[in-house]
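One structure is given here, and the rest of the page talks about it.
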Amino acid sequence: SRIMVDQEKRRAYIDTPATGEQIAWDGRRAWSINWKQSYPPRFLALLNYYFLNLPWLAMDPGVKLATAGEDSLWDDPTRYKIVKMSFMPGTGDTPGDTYRLYIDPESKRLKACAYTVTYRALLPDSVDSMPEHILVYEDFTKVDGLVVPTRYTIYSTDRTPLAICEIRDWSFDRPFDEKRMTMPDSAIVDESKP
């Protein structure tokens, strides 16, 4: 997939040429073309953006941070500094989401995050959140002076891999295509509730 994000306004569009799927998020609503996935386009629109930008998002208005000691990550002997991240009521679509950020004590980089998702459209009626997942950053590169992830894996808490994401062709200077924020007639609006 190709993901393009307007960082200032948090708008995004995603193209998946292999399947012909497209989604867009204009900051108020999401729409899709040829969407065949089981999860709502609105959920996916900024998902990778948030995972790839967690260190910067921790500085957003409405974010609550608290230190939580140290912890290891499975059989890794490193004692990571833990920072809990949550959101004040009225912040974003899913203020019940929580993160435990694993900060490497040597490099000061984010190594992993344990997170819960509270997006209502993904959950059975009797459940308030998905089971916790752990995202581990595995490779990085430098782009325009910034260190950015190029690979991460998402695990269940028992260390079963659930998803692998490889990121390539990072760019901070490609222009955002404003025309993509005009919904085409063939698009379907995502009516799911976060």
Side-chain angles (χ1 to χ4, degrees), residues 1-65 85-99 101 110 113 115-123 125 128-130 133 135 137 143-144 146 148-150 152 154 162-194:
S1 298
R2 179 172 180 248
I3 302 170
M4 197 67 156
V5 177
D6 169 9
Q7 299 228 78
E8 182 180 354
K9 296 179 183 174
R10 302 266 168 91
R11 302 176 302 165
Y13 55 87
I14 300 174
D15 295 317
T16 307
T19 63
E21 293 170 299
Q22 299 175 16
I23 62 175
W25 167 252
D26 68 5
R28 292 184 357 265
R29 63 184 178 171
W31 62 85
S32 64
I33 297 173
N34 298 322
W35 191 249
K36 298 171 186 71
Q37 306 302 319
S38 59
Y39 41 84
R42 182 174 177 174
F43 174 73
L44 182 65
L46 290 173
L47 181 67
N48 281 304
Y49 170 78
Y50 281 99
F51 286 157
L52 297 172
N53 291 284
L54 269 173
W56 293 280
L57 296 173
M59 296 181 281
D60 273 4
V63 169
K64 296 189 305 186
L65 300 171
M85 183 170 123
S86 59
F87 304 91
M88 293 180 201
T91 303
D93 283 342
T94 52
D97 289 3
T98 59
Y99 298 87
L101 309 176
L110 181 62
C113 74
Y115 66 94
T116 59
V117 172
T118 59
Y119 198 95
R120 291 298 327 153
L122 298 174
L123 305 172
D125 289 337
D128 291 329
S129 68
M130 292 174 63
H133 293 105
L135 182 152
Y137 298 95
V143 178
D144 295 336
L146 293 173
V148 294
T150 55
Y152 65 78
I154 298 173
L162 302 173
I164 296 171
C165 184
E166 293 189 18
I167 304 97
R168 61 184 180 278
D169 201 22
W170 271 94
S171 173
F172 292 106
D173 58 6
R174 284 193 198 110
F176 187 82
D177 185 354
E178 291 291 334
K179 293 182 293 221
R180 295 294 299 271
M181 295 297 98
T182 301
M183 186 174 69
D185 292 339
S186 61
I188 297 172
V189 175
D190 180 358
E191 302 287 349
S192 67
K193 301 295 181 207

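Because the structure is predicted, anything quoted here is derived from the model rather than measured.
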Student check: side-chain heavy atoms of Tyr115 and Asp97 closer than 4.5 Å: no
Could you pull out all residues at least two apart from Ser32 that satisfy side chain to side chain contact (heavy atoms under 4.5 Å, CB included)? Ile23, Trp35, Pro41, Ile188
Is there a donor in the side chain of Thr98 and an acceptor in the side chain of Thr116, or the other way round, less than 3.5 Å apart? yes
Separation between CG (Asp125) and CZ (Arg120), nearest 0.5 Å, reads 6.5 Å
Within a radius of less than 6.0 Å around CG of Asp185, do more than 12 heavy atoms belonging to other residues, nucleotides or ligands occur? no
Is there side-chain contact between Phe176 and Met4, with at least one heavy-atom pair below 4.5 Å? yes
Scan the side chains in residues 49-62 for donor-acceptor partners under 3.5 Å anywhere in the protein, sequence neighbours excluded, and list what turns up.
residue	atom	partner	partner atom	Å
Tyr49	OH	Gln7	OE1	3.1
Tyr49	OH	Arg10	NE	3.0
Asn53	ND2	Tyr49	O	2.7
Asp60	OD1	Arg10	NH2	3.1
Asp60	OD2	Arg10	NH1	2.9
Asp60	OD2	Arg10	NH2	3.1

Could you tell me whether the side chain of Pro40 reaches within less than 4.5 Å of the side chain of Leu122, counting heavy atoms only? yes
Once rounded to the nearest 0.5 Å, what's the spacing between atom CZ of Arg2 and atom CZ of Arg174? 6.0 Å
Taking every non-hydrogen atom, the tightest pair across Ala12 and Leu46: CB-CD2, 3.7 Å
Go through the structure and list residues passing side chain to side chain contact (heavy atoms under 4.5 Å, CB included) with Thr16, not counting sequence neighbours. Ser1, Ile14, Thr19, Glu21
What is the minimum heavy-atom distance between Tyr137 and Pro149, and which atoms define it? CD2-CB, 3.8 Å
Selection residues 175-184 - residue pairs positive for side chain to side chain donor-acceptor pair (under 3.5 Å), sequence neighbours left out: Arg11-Glu178, Asp15-Arg180
Please check if atom CZ in Arg168 has more than 12 non-hydrogen atoms from other residues, nucleotides or ligands closer than 6.0 Å. no
Applying side chain to side chain contact (heavy atoms under 4.5 Å, CB included), can you list everything that pairs with Asp144, at least two apart in sequence or on another chain? Phe172
Measure the shortest side-chain to side-chain distance between Tyr119 and Met130 over non-hydrogen atoms and say whether it is less than 4.5 angstrom. no
Which residues share a side chain to side chain contact (heavy atoms under 4.5 Å, CB included) with Met183, sequence neighbours left out: Arg29, Trp31, Ala187, Val189
Are the side chains of Tyr99 and Val63 in touch, meaning some heavy atoms are under 4.5 Å apart? no
Are Val117 and Phe43 side-chain neighbours, meaning at least one heavy-atom pair lies under 4.5 Å? yes
Compare every heavy atom of Gly20 with every heavy atom of Asn34, then report the nearest pair and how far apart it is. ND2-O, 3.1 Å
Take Leu162 and His133 through the test side chain to side chain contact (heavy atoms under 4.5 Å, CB included) and record every step on the way to the result. CA-CA 9 Å; Leu162 302 173; His133 293 105; 2.9 Å; yes
Rounded distance (nearest 0.5 Å) linking atom CD1 of Ile167 with atom CD1 of Ile3: 8.5 Å
